Amino acid sequence: MRVGVSSSGGHLSTIRLRDIAAAGRHHEALDLFRHALRHSEPFLSVSSILPSAILSAAALSLSPAAAQLHSLALKSGLLPADPFVLTALLSAYSRLRLLPLACRLFDEVPSSAAPTSAFNALISGHALAPVSSPAILALFLRMRREAVPFDDVTLLALLPAAPPVAIPPLHGVAFRAALASVSSVSNCLLSCYSRVGAVDFARQLFDEMPDHRKDLISWNAMISCYAQNGLAHQVLDLFDTMEHSASVEPNAVTLIGVLSTCAYLGAHSIGRKIENYISQKPSFDSNTYLKNALINLHVRCGDLARARTIFDEMPQRTIVSWTAMIAGYGMHGHGEEALRLFDKMIEVGIRPDGIAMVSVLSACSHGGMADKGMWYFSSMKTAYGVVPSRAHYACVVDLLGRAGQLKEAWKLIESMPVEPDGPIWGALLGACKIHKNVELAELAFERVIELEPTNVGYYVLLSNIYSDAGRLDGVARVRAIMRQRGLKKDPGCSYVDHKGKVHLFMADDHSHPQAKNIYEMVLRLEAMVKNDSEMYGSKRKENLPLTGFHSEKLAIAFGLLNTEAGAEIVVIKNLRCSVLSGPLLKP
DNA sequence: GTAGGGTTAG
């Protein structure tokens, strides 16, 4: 359709509108569109400016405007034939979460006349919906049946939403269409493999990429892959390689991956180096994601004051910033401060999500505030619209359990609207250990082992409960089941970074040069905690050799023996011992 | 001109 009266150069509006919309100035874009229509510029086709206007309306969440533009398109005779208008509308309805409208529009397109871009828009729209993979795969199959060519964009929309089993066949499809070597597609495949834990496949893809196709995103995806799969040593190794390979410069996303690994390892010194590097780059200064990663680093390494300073100085805080800080106070036993911060978050108008509530409940649990925790748990649905998930139940079972209310914890599990999972029964089992309840422990163990038959931790826990109760028959039985199922006790290890040297401790480990002093220290500490000097003497005499010494206790004792009062001791436990050979952890 | 890959908290 041509609308033309005015004298100004028509196509200028088209170009300006696109640029303005692309720059994110959507209000201006819509104003310009209205202006162009009203003044009917010559040689200006509505079809050339309508797609940008439609997408601007969607970007501003203006459903009525999108619907108006839709009817304008109909009146102008642009639907369903104009592929650009059609695709923009499909994309707009998808982004406005009006998927039914998108589907209805798509159905009006004559079969096999729909362009690739229309399918792509609809697939992306379905990918935004919570349970979408069947619908998406159906769309893709229909595309192939109707011989509509697919492209890289199709795969980028399809792959992240596809179920794990569909990834390898889709990889094959991409390969045969000569799309698997397109950087964006191979990066996407890499993250898909990462997400399902297929780290080796991801690495293989990474290694197979020729250097000129390996871009910053490829490096970031591989680093995040290692980080998310807990392979800390590999993260630091790859980051090191990246820094020495001149072609790409790390960006904020790279550093977030590395920082999360430092947080996981408690590698405070490396993390601080990265923080220092960041502080010299003004462009990183306003990156909220990066600040959140730094908060998490300091929180996990025990430097709450530094974490809080970063938090306080942030120009913008997201719910992630608040949650990281609340969780930090919670995990270090500052329950009151955690709740104060939570109240403040509510005050500034941030509505907590499920994860924020997990951090609140666990702060209550670790801070011994059972009543407060129960209050938050029972009110969170009405107050904040957070429906309790299994993670919340696990927190509350832990909370009741620690407080000695084992029966109530059991009743809560029984009353759950969904089936309890391993961590929930595990929390009850842990509470049984604290309160020495063998009967309930046996019941909880039976359930937890049905759900997680190979989780060695639960066997060890029950064995220790029997051992505490002097029930050696039980200990033997648990050991027999473990043997029968081919399960081996994971050697728990803890380490301390002291003066640039890493000191590793295993449970009941006597190999350290200071072993004698360390064991003395543990016994003293235990006696202090129990406020029972009798125990110190008795355990010392009767236990030869000494057993039941957690690796973590040994590491803490070592730290206390070798540092000044008030010095920071960071103990990291239960990591795969392989991380200790990492290059960055050496002095 | 349309569709779009990598990022933090539990």
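Scope of the values below: all heavy atoms of this structure, side chains included, with no hydrogens, waters or symmetry mates. Owing to the predicted nature of the structure, the values given are computational and were not obtained by experimental measurement. Throughout, a chain's letter reflects where its sequence line sits, starting with A, and its residues are numbered from 1.
- Within 4.0 Å (heavy atoms only), A:Ser191 reaches sugar-phosphate atoms of the nucleic acid but no base atom.
- Proximity of A:Lys291 to A:Ser321: side-chain heavy atoms (C-beta onward) are nowhere separated by under 4.5 Å.
- In this structure A:Arg213 satisfies the salt bridge (Lys or Arg N to Asp or Glu O under 4.0 Å) test with no other residue, sequence neighbours excluded.
- By the side chain to side chain contact (heavy atoms under 4.5 Å, CB included) test, A:Ala177 is found to be paired with A:Phe150, A:Leu179, residues two or more places apart in sequence or in another chain being considered.
- Of the residues in residues 203-226 of chain A, those with a non-hydrogen atom less than 4.0 angstrom from any atom of DNA chain B are A:Asp215, A:Ile217, A:Asn220, A:Ser224.
- Listed by chain and number, the residues in a side-chain hydrogen bond (donor to acceptor under 3.5 Å, both in side chains) with A:Thr154 are A:Asn120, A:Asp151 (sequence neighbours excluded).
- Residues passing the side chain to side chain contact (heavy atoms under 4.5 Å, CB included) test with A:Ile278 are A:Leu255, A:Leu259, A:Ile274, A:Phe284, A:Leu290, A:Leu294, sequence neighbours excluded.
- Residue A:Asn251 is in base contact, counting any heavy-atom pair closer than 4.0 Å across all strands shown.
- No hydrogens or angles considered: nothing links the side chains of A:His366 and A:His332 as a donor-acceptor pair under 3.5 Å.
- Taking the 5' to 3' direction, DNA chain B first and last meets chain A under 4.0 angstrom from a heavy atom at B:dG1 to B:dG10.
- Nucleic acid contact class of A:Leu290 (heavy atoms, under 4.0 Å, all strands): none.
- Screening residues 92-105 of chain A for side-chain hydrogen bond (donor to acceptor under 3.5 Å, both in side chains) gives A:His70-A:Tyr93, A:Ser91-A:Arg95 as the qualifying pairs, with residues at least two apart or on separate chains.
- Applying the salt bridge (charged side-chain N to carboxylate O under 4.0 Å, His left out) rule to pairs touching residues 187-209 of chain A yields A:Arg203-A:Asp207, sequence neighbours excluded.
- Residues satisfying the side chain to side chain contact (heavy atoms under 4.5 Å, CB included) criterion with A:Ala81, sequence neighbours excluded, are absent altogether.
- In this view, A:Glu146 and A:Arg142 satisfy the salt bridge (Lys or Arg N to Asp or Glu O under 4.0 Å) rule, not counting sequence neighbours.
- Residue A:Val253 is classed as a base contact, given a heavy-atom separation below 4.0 Å to a base.
- Within residues 420-428 of chain A, no residue places a heavy atom under 4.0 Å from DNA chain B.
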Please tabulate, for the side chains in residues 419-430 of chain A, all donor-acceptor contacts under 3.5 angstrom to protein atoms that are two or more places apart in sequence or on a different chain.
residue: A:Asp421; atom: OD1; partner: A:Ile424; partner atom: N; Å: 3.4

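- Nucleic acid contact for A:Ser183: base, since at least one base atom lies under 4.0 Å from a heavy atom of the residue.
- Residue A:Asn187 is in base contact, counting any heavy-atom pair closer than 4.0 Å across all strands shown.
- Within 4.0 Å of A:Arg195, counting heavy atoms only, lie sugar-phosphate atoms of the nucleic acid but no base atom.
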